[in-house]
Each structure stands twice: as C-alpha cells, then as structure tokens.
Enquirer: 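Starting off with a structure, shown below.
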Amino acid sequence: MTDSRFATRFNPGQADSRWQQAWDEARCFEADSTSAKPKSFILEMFPYPSGRIHIGHVRNYTMGDVLARYHKMRGREVLHPMGWDAFGMPAENAAMEKGVHPAGWTYDNIATMKRQLKQLGFALDWSREIATCDPTYYGHEQALFLALYEAGLVYRRESAVNWDPVDMTVLANEQVVDGRGWRSGALVEKRKLNQWFLKITQFADDLLEGLGTLDGWPQKVRTMQENWIGKSQGLQFRFDLSDGGTMEVYSTRPDTIFGASFVAVAADHPIAQGVAEGNPEAQAFIEKCREGGTTAAELETAEKLGFDTGITAKHPFTGADLPVFIANFVLMDYGTGAVMAVPGHDQRDFEFATKYGLPIIRVIAANPGDAEVPLREAETGDGVLVHSDFLDGMTVEEAKAAIIARAEEGSWGEGKTVWRLRDWGVSRQRYWGTPIPFIHCDACGVVPVPAYQLPVTLPEDVDFSIPGNPLERHPTWKQVDCPKCGAAARRETDTLDTFVNSSWYFLRFASQPGDKAFDKAEVAQWMPVQQYIGGIEHAILHLLYARFWTRALAHVGLLDVKEPFASLFTQGMVTHETYSRKEGPREVFFSPAEIDRSGEGAKLKADGQPVEIGKVIKMSKSKKNVVDPEDIIAQYGADAVRWFMLSDSPPERDLPWSEAGIEGCGRFVQRLWRLFGQLDESADGEDKALARRTHQTIAAVAEDIEALAFNKAVARIYELTGATEKAAPSADRNAAIRALLVLVSPMMPHLAEEGWEALGQSGLIAEAAWPEVDPALLVEDEVTIAVQVKGKLRDTLTAPKGASKETLEAMALASEKVQRAIDGAEIRKVIVVPDRLVNIVA
RNA sequence: GCGGGCGUGGCGGAAUGGUAGACGCCGGGGACUUAAAAUCCCCUGAGCCUUGCUCGUGCGGGUUCGAGUCCCGCCGCCCGCACCA
C-alpha cells in the first residue's frame with residue numbers, strides 16, 4: 001500500500017466537496033481571453049431556472065464537462081461557462097399563484113440550481129456567470145436592439161398575431177404548434193396588434209446558404225431549418241377577372257400553365273370576402289373552412305371542398321375563362337393566397353377537379369409520345385412539355401424559364417422567390433422580460449430611448465393579482481418625458497420574447513465589459529463555439545434565432561463571425577420505466593422511490609402488492625418516473641452519477657435510467673480506488689503486453705472523447721481496468737494505473753483528484769496533461785489471424801505482425817481443423833488479408 | 001403524404017466489407033465469512049449426435065472469396081414537417 005488512505009473505501013461524501021472547493025480556490029476553470037494557447041469554447045445550452053436541476057441537465061452538462069476537461073488537458077485554453085435563461089412565463093405564473101415576486105422566485109431558483117450544479121463538480125467558469133434577468137445583461141440587450149433598429153432591422157407594424165388567451169400574450173409562429181400555444185396548449189386566436197418585429201427574412205437566403213457550411217451539425221437539424229426557411233422559386237402573375245378586377249397568383253410550376261383548368265382562392269382572400277357579402281351560401285362555406293381542424297389526422301382525411309364564385313379568370317395564353325373557386329386547401333398566408341390549379345400535375349388540384357368535374361389536362365409527359373396517355377393521378381415528376389403551344393418539347397426547367405421571361409416581357413408577371421419564413425414578432429405583453437427601449441410621443445411618434453438612459457429597468461412594485469401585463473397598468477412606470485421634445489410621453493410596455501435573451505448570450509460569455517454588450521476583439525478570441533450541446537427541441541427556434549442574431553450583429557459591424565456554433569450535438573433524453581395501477585377509471589403513477597424492484601416484477605413498498613411496469617419514456621413529473629439528481633448524488637457520489645450518464649447508451653440516443661446501472665457505476669468507482677491503491681513503487685520489470693494495451697487505450701479514449709463517443713471511451717477504460725487488475729506487479733503495471741487515473745479524470749474528477757493526491761502527485765489533476773502516447777506501442781508485434789474455409793471460420797492462429805502472404809497461407813494449410821474442413825477438396829483460390837485473415841476457397 | 005433515423009442476446013449496446021455479440025447490467029454456479037455486506041473466480045445467443053458441428057444481426061432477394069455493414073424490394077418502430085401552390 002502506498003497510502004493507508006486506500007485501506008478505506010473512497011468516500012464521495014467527503015471527497016466531492018473537498019475537491020470542488022480546491023478547484024474554486026485555485027480558480028482552475030477561469031478562462032483567460034489573453035492566453036496565447038489555442039482556444040476552445042465549449043458550451044451547453046444554459047438552463048431555465050425552473051426550480052431544481054433535472055437529470056437531463058446532468059447528462060447535458062456532464063458531456064460538455066468531459067470535453068472541457070479533456071481539451072484543457074490537451075493544452076487548450078478552455079471557456080466553459082454557465083448562466084441562466086432567467087426571463088419567462090413560469091416566474092410570472094409563480095407570482096400569480098404563490099404571491100412571490102418573479103425576481104425573488106427566479107434568484108432563489110438560481111441559487112438552488114447553482115448549488116446543485118456545484119455538487120456535480122463541473123469545470124465551469126463561474127466568474128462569467130450571467131442571468132438574463134439582470135439589468136447588466138438586458139440593458140446591453142436593449143442597446144443591441146437599438147443598434148439593429150438604427151440599421152433598419154427592427155420595425156413596428158400592426159399585424160394579425162397569434163394570441164394565447166391563457167398566457168395572455170403574443171406567440172411567434174415558431175411557438176404555435178398545431179394551432180396551440182407551445183407552452184399553455186391553449187387554442188391560439190388571431191388578433192390585430194401593434195407589434196415589434198425583427199427582420200429575420202432579410203437574412204433568409206444567407207441563413208439557408210449558411211446551413212451548407214455547418215458540417216459539424218446533424219443533418220437532421222440542418223434539414224429542419226431548411227424546411228422552416230422554405231425557399232421556393234416561381235412566377236407571380238395576374239389574372240384578369242370577369243368582374244373587371246385582377247387577381248395575383250403564385251406558382252412554383254409556371255411551366256404547367258397550359259394545364260390550368262381553374263383558379264382557387266383561400267377563404268380569407270379578399271375576393272372570397274367580396275363574394276360572401278350578400279351571398280349567404282358563400283358566407284356559410286367560408287365559415288365551414290375556418291372550422292376545419294389543423295391536426296395531422298384532420299388534414300390527412302380532409303376532403304377537398306370548393307365554392308364556385310361565378311367569377312372567371314382569363315387564361316393569359318389561351319384566353320379561356322377559368323372558373324374561380326373558394327377552396328379549403330388554399331392558405332391565405334402563403335404566396336398570394338390564390339393559386340392557378342393544374343389538376344394533371346398537382347395532387348390536391350387533381351382531387352378537387354375529380355370531385356367537381358373540371359378538366360384534367362396533361363402538359364408534362366415522360367416522353368413526347370406519351371402525350372395522350374390519360375392521367376390516373378397527378379404526375380409531379382420530370383418530363384417534357386406537351387399540349388403547351390410554344391413550350392412543347394421543352395424540359396420542365398426550360399419551360400419555367402421561358403414562361404417567366406414571357407410574363408416579364410408582357411408585364412403580366414414576374415419571377416419571384418417566396419419564403420415560408422416570416423419576420424420574427426418579438427413583442428410580448430408580459431412583465432418578466434427585457435423592456436423594449438422605446439417611448440411613444442404624441443408629437444414625435446416612436447422614439448428610441450437614448451443610450452444614456454439605458455438600461456430601461458423593470459419596476460419592482462408590480463401587481464399580479466389580475467391577468468394581463470403588469471407594466472401596462474403600473475401607475476407611474478410608463479409615464480416618461482419624450483427624449484426629443486420633452487413633452488409628456490408613454491413608455492413602451494411590451495417586453496422582448498425570451499428567445500432574444502438566448503440569441504446572443506454566448507457572446508456575453510466570451511466577453512463582458514461593463515460599458516457595452518461585448519468586445520469585438522475579445523469575442524473573436526473565442527467564437528465560434530467549438531462544440532455546442534443541447535436538446536433537439538431547439539433545432540428550429542433557438543438555433544435559428546441565434547444564427548440570425550449573429551448575422552444581424554455582424555451586419556451592423558459589431559461582430560466578425562456569421563455562424564455562432566461550429567459544431568452542434570443534440571443529446572438524447574434520460575428515460576425510465578413507469579409504475580402504475582388502475583384505480584377505477586384512472587391510472588395512478590408511482591415514483592421509482594416507492595417501488596421495490598428487487599424480485600420478479602415490481603411491488604409498491606407501502607403495501608407489498610404488485611404494480612404494472614409501463615413503457616420506458618422520458619422522465620416527467622406527471623408520470624412520476626423521475627429521479628432527483630440531488631438524491632442520487634447523495635447516495636452514490638457525483639462521479640458515479642457522471643459515469644452513468646456517459647456509459648452504455650450512445651450520447652445521441654435515449655439513456656434508460658436504472659437502479660442496477662447506477663449501482664454498477666458506484667461499484668466501479670470503488671474498484672478503481674482499490675486499483676489505485678495497488679500502485680507498488682518497489683515493483684519493477686516490464687509487462688510489454690500491458691504497456692501496449694495502456695497506450696492503445698490512451699489513444700482510443702482520446703479519439704472517442706473527441707468524437708463524443710463517451711460510451712466507447714467508458715468501455716475501453718473498463719477493459720484496461722480489468723487487464724491491469726489481472727497483471728502481476730511491474731513498472732508497466734504502475735504506469736497503467738497512473739494512466740487510468742488520468743484517463744478517468746475528465747469523467748470522475750473527484751476520484752481522480754483523491755487518487756492523484758494519495759499517490760503523492762503535486763498540484764491538481766485538473767491541471768495535469770493528457771498522457772503522451774508512444775506510437776511504437778500502438779502496434780502489436782503478434783496478431784491473431786482468422787482462418788476461413790469458404791468464408792466460414794475454422795481456426796485462428798497467431799502470427800508475427802507483417803508476416804508474408806505465403807507464410808500465412810502455409811500456416812493456414814498446416815492447420816488440422818482447416819484440413820478437415822477442406823476434406824480433400826481441390827483448393828481453387830486462397831485470399832490472404834495480411835495481419836487479418838486467410839480464406840481458403842475449396 | 002414528404003423528409004430523416006433506427007431494427008444485433010433477457011436489457012443498454014460493440015463491430016475501417018474480414019473471428020458477430022466488446023464493455024456494462026441482469027441471471028446462474030462457486031470461494032471467503034459464524035452470518036451478512038463487500039470482494040474475488042467461473043458460466044451466461046439458440047440448438048445438437050458436445051475433441052466438435054449447425055443455426056443466428058426484422059423479412060425476401062442480390063453483389064462478393066467473405067455482408068450486421070454495400071445494392072434492390074418489403075415489414076415494423078421512432079422523430080420532424082405537413083393542404084407551402
């Protein structure tokens with residue numbers, strides 16, 4: 001024994017807090033922006049301070065922590081910060097329900113969660129901690145907002161908005177899911193309000209193109225953003241109508257114009273509205289369209305319905321009078337809310353035409369000879385134009401270009417790019433958010449708050465006894481003098497969407513001067529974020545907004561980077577089986593702590609009777625299948641919990657929590673501790689095989705961590721541990737033990753520090769270097785060769801590395817098992833893969 | 001409907017076209033102990049005529065000396081989007 005301390009078990013209850021304190025005192029993890037070392041910015045999505053840390057946070061931050069500690073060991077200057085996405089509805093809900101102040105509630109939660117994060121020993125630079133609800137944060141945000149306003153990227157207009165009647169606020173399009181508020185779940189209403197907007201559409205093309213450069217992002221997320229931005233190119237043109245008016249339509253398939261057999265408008269289209277006046281039948285139809293649900297099932301089964309307005313539209317080439325329908329499948333908020341319908345080559349139009357007996361004309365055919373083949377369904381594929389006058393014989397692409405050119409010549413239409421992406425409405429009628437820094441003056445209009453008056457801080461004396469915006473009804477807060485003319489004016493009472501807060505927080509982490517949001521040169525030291533880790537649920541909202549803000553800030557000259565996150569990793573959820581019992585009509589759930597899972601099935605501890613074991617699903621309070629991180633840290637120690645988070649499941653997949661699993665991790669912590677205690681300074685002599693294994697493991701674990709394949713790194717550490725335990729004492733075994741100590745230090749930092757100290761090493765292992773690998777030891781000198789006969793394994797043999805093909809073939813043929821398998825048959829061919837296998841084809 | 005991903009032991013999962021099931025969990029057997037905990041050792045895909053053989057990575061084909069891996073066609077599950085003209 002090197003140290004009597006190894007005689008007792010490793011005690012996380014004492015060691016964890018001791019080393020956490022040591023790191024704090026040594027300020028190990030404070031990032032130095034002026035360091036000459038290469039820099040790494042490792043970032044996990046910052047949490048909303050909802051109350052307590054949940055297991056998903058633990059998994060997320062453990063992954064980032066391993067990376068951060070690893071990069072530090074590899075000699076990089078690492079920025080690994082933490083903060084709080086602290087504005088938002090739950091704080092106001094708490095204020096309404098419990099009568100507490102949102103600020104008090106939020107800061108209490110921050111204190112709790114910070115304490116919990118500290119218990120996990122994360123290598124975080126707490127000196128850069130930020131809370132977005134702090135005026136020193138949101139004041140700078142107001143300045144940035146004004147800078148974007150100056151550059152014309154912020155505007156205000158009256159618009160129909162998504163109004164959440166439960167939260168009593170406006171939601172962005174991105175926050176409406178299946179017609180319901182993403183948070184409240186309430187059916188969203190349309191309202192007209194004066195709203196502040198950010199001009200994200202100005203960057204639509206750039207945001208789309210930028211996706212192509214994001215090699216470090218999951219393809220899935222890139223595709224989701226691409227679909228959300230939704231670029232399409234086509235022709236917008238006008239029909240002359242029989243009632244003397246004109247109507248704009250948009251089509252991405254102008255090449256099929258000779259196949260148009262009717263025109264359709266949305267129920268909310270002005271033409272539909274016009275027809276409905278004095279026509280009860282039309283009015284009734286429009287009402288019916290509005291009733292239609294928006295859920296997946298409803299849309300899939302929704303029948304195509306139309307109402308003939310009696311108006312006709314003149315075809316620009318044939319002069320034919322096309323009937324104008326109000327149709328339930330046309331959307332008002334895409335394109336112009338009106339379409340030319342080509343039943344032959346659009347499935348919706350086909351269904352509609354079939355139902356209402358309208359002509360179905362083929363204008364595209366796979367081959368010119370197929371022009372008269374009848375259409376059984378809409379054909380949307382490629383081909384050549386037929387029945388299309390001057391377009392006949394052209395390809396789809398050629399025809400599109402020809403029609404757009406013709407329309408532009410004749411001034412009845414123009415080529416146009418349409419986006420699904422809309423400008424981002426950021427006004428929220430809430431208290432707990434960043435006040436929008438504007439003043440409304442009767443004489444001067446909308447006036448930006450001058451820089452010297454920033455930050456515009458939230459009043460503290462607010463009343464949550466009734467719903468609505470407390471800022472709006474505050475007795476004095478909004479009364480202010482106009483900065484321009486000095487007359488009595490009114491402060492803007494809307495606050496910014498909380499997604500604005502999270503759109504630039506990484507910049508504030510990188511640089512936090514007192515007089516401005518960030519310093520451009522200092523930010524350049526750290527950005528872009530080398531590795532960003534978070535949940536897939538932010539694939540569109542947060543990640544698109546952050547990409548937009550970074551571009552917008554670059555556009556106004558405040559930044560030099562366009563893409564904030566070089567690599568993105570979306571981690572899986574932590575899941576757990578559920579326990580329940582049917583009690584009458586309802587299902588009652590029990591928490592894992594209430595369950596005895598030791599024998600067959602599961603029993604409720606309280607009454608010893610069985611409960612039903614349900615599916616393994618994401619941990620959620622309603623299903624009670626949650627484990628509290630603080631409880632398990634208290635029971636097993638931070639290192640066991642961290643190790644569990646990294647073991648078994650690949651990090652992008654779901655991780656099923658299990659009691660047996662965490663116990664196994666706890667055992668492994670002790671097993672390593674015992675092994676560290678076996679370091680024997682008096683031992684000498686070589687163990688070449690173990691030395692090889694050690695160096696191979698060092699190299700492989702490094703590779704795995706860099707690839708975020710933590711589960712594989714864990715498996716390799718288990719293997720080296722097993723091999724080292726079995727090896728006889730030697731200098732190489734001591735080296736293996738020391739290597740293991742360092743290899744596990746990013747994952748189990750407390751155990752590693754404790755072992756490092758007990759073995760008499762100086763300083764902190766957190767500051768130590770990653771072990772060097774001897775390349776000579778990475779290659780084996782003997783290899784195992786698989787010997788196959790007709791592709792089936794018959795024998796294995798050991799050969800010197802690099803043995804010649806002839807040698808290997810001879811060795812294989814000498815094998816008795818091989819000879820028996822060949823059974824005297826003629827050998828037709830022998831395939832030799834050096835250092836790997838011999839395959840004899842007989 | 002469109003797009004993406006995934007199907008491997010009892011479970012989580014390994015496997016640059018080259019020995020399928022590494023590693024962990026569960027389970028079984030044993031050692032130590034008065035006993036327990038802790039620890040250690042062995043076994044653990046299925047089957048059989050058990051020095052060994054056969055089968056086996058959702059199903060059916062194909063390419064190849066050789067396929068979990070590549071190609072074609074199905075089936076199932078998961079995720080995202082969705083009447084986007």
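Quick note on labels: first sequence line is chain A, next is B, and so on, each numbered from 1. Owing to the predicted nature of the structure, the values given are computational and were not obtained by experimental measurement.
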Enquirer: B/rU44 and B/rA22: how far apart are their C1' atoms, nearest whole angstrom?
Expert: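 B/rU44 and B/rA22 have their C1' atoms separated by 15 Å.
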Enquirer: Which comes earlier along RNA chain B counting from the 5' end, the contact point of A/Ile831 or that of A/Ala715, where each point is its nearest nucleotide?
Expert: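 It is A/Ala715 whose nearest nucleotide is closer to the 5' end.
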Enquirer: Ignoring hydrogens and angles, state whether a donor on the side chain of A/Ser804 or A/Thr807 is under 3.5 Å from an acceptor on the partner side chain.
Expert: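 Indeed, the side chains of A/Ser804 and A/Thr807 share at least one donor-acceptor pair under 3.5 Å.
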Enquirer: Expressed in whole Å, how much space separates the C1' atoms belonging to B/rC59 and B/rG18?
Expert: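 Looking at atom C1' only, B/rC59 and B/rG18 are 26 Å apart.
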Enquirer: Quick one: is the NZ or CZ of A/Arg420 closer than 6.0 Å to the six-membered ring centre of A/Trp228, and within 45° of its axis?
Expert: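 Output yes; distance and angle both within limits.
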Enquirer: To the nearest Å, how far apart are A/Lys726 NZ and B/rC41 C1'?
Expert: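 In whole Å, B/rC41 C1' lies 10 Å from A/Lys726 NZ.
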Enquirer: Start at the 5' end of RNA chain B and walk down; is the nucleotide closest to A/Glu725 or to A/Ser658 reached first?
Expert: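 It is A/Ser658, whose closest nucleotide lies nearer the 5' terminus.
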Enquirer: Please, what dot-bracket string fits RNA chain B when only Watson-Crick and G-U pairs with both distances under 3.5 Å count, crossing ones use [ ] and pairs to another strand use |?
Expert: (((((((..(((.....[....))).(((((.......))))).((((...))))..(((((..]....))))))))))))....
Enquirer: So which pairs with a foot in residues 657-671 of chain A pass side-chain hydrogen bond (donor to acceptor under 3.5 Å, both in side chains), sequence neighbours left out?
Expert: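 For residues 657-671 of chain A: A/Tyr636-A/Glu659, A/Arg671-A/Glu725.
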Enquirer: Among the candidates B/rG24, B/rA85, B/rG3, find the nucleotide nearest to the side-chain atoms of A/Asp648.
Expert: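 Among the listed nucleotides, the one closest to the side chain of A/Asp648 is B/rG24.
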Enquirer: Using atom C1' of each nucleotide, how far apart are B/rG73 and B/rG56 to the nearest Å?
Expert: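 That atom pair is separated by 23 Å.
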Enquirer: In terms of side-chain heavy atoms of A/Arg674, which of B/rC53, B/rU39, B/rG18 is nearest?
Expert: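 Out of B/rC53, B/rU39, B/rG18, the nucleotide with an atom closest to A/Arg674's side chain is B/rU39.
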Enquirer: Which of the following nucleotides, B/rC79, B/rG52, B/rC55, is nearest to the side chain of A/Arg820?
Expert: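 For the A/Arg820 side chain, the nearest candidate turns out to be B/rG52.
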Enquirer: Answer yes when A/Arg253 and A/Asp346 have at least one side-chain N-carboxylate O distance shorter than 4.0 Å, and no when they do not.
Expert: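 Result for this pair is no, no salt bridge flagged.
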Enquirer: With P as the reference atom in both, quote the distance from B/rA15 to B/rC65 in angstrom, rounded to an integer.
Expert: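 That atom pair is separated by 27 Å.
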Enquirer: Does one side chain, of A/Asp423 or A/Thr201, offer a donor that lies under 3.5 Å from an acceptor on the other?
Expert: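 A/Asp423 vs A/Thr201: donor-acceptor pair found between side chains.
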Enquirer: Distance check, C1' atoms only: B/rG17 and B/rC70, in whole angstrom units.
Expert: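 About 8 Å, rounded to a whole number of Å.
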Enquirer: Would you say a side-chain N or O of A/Arg667 is under 4.0 Å from OP1 or OP2 of B/rC25?
Expert: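 Looking at the OP1 and OP2 atoms of B/rC25, one of them is under 4.0 Å from a side-chain N or O of A/Arg667.
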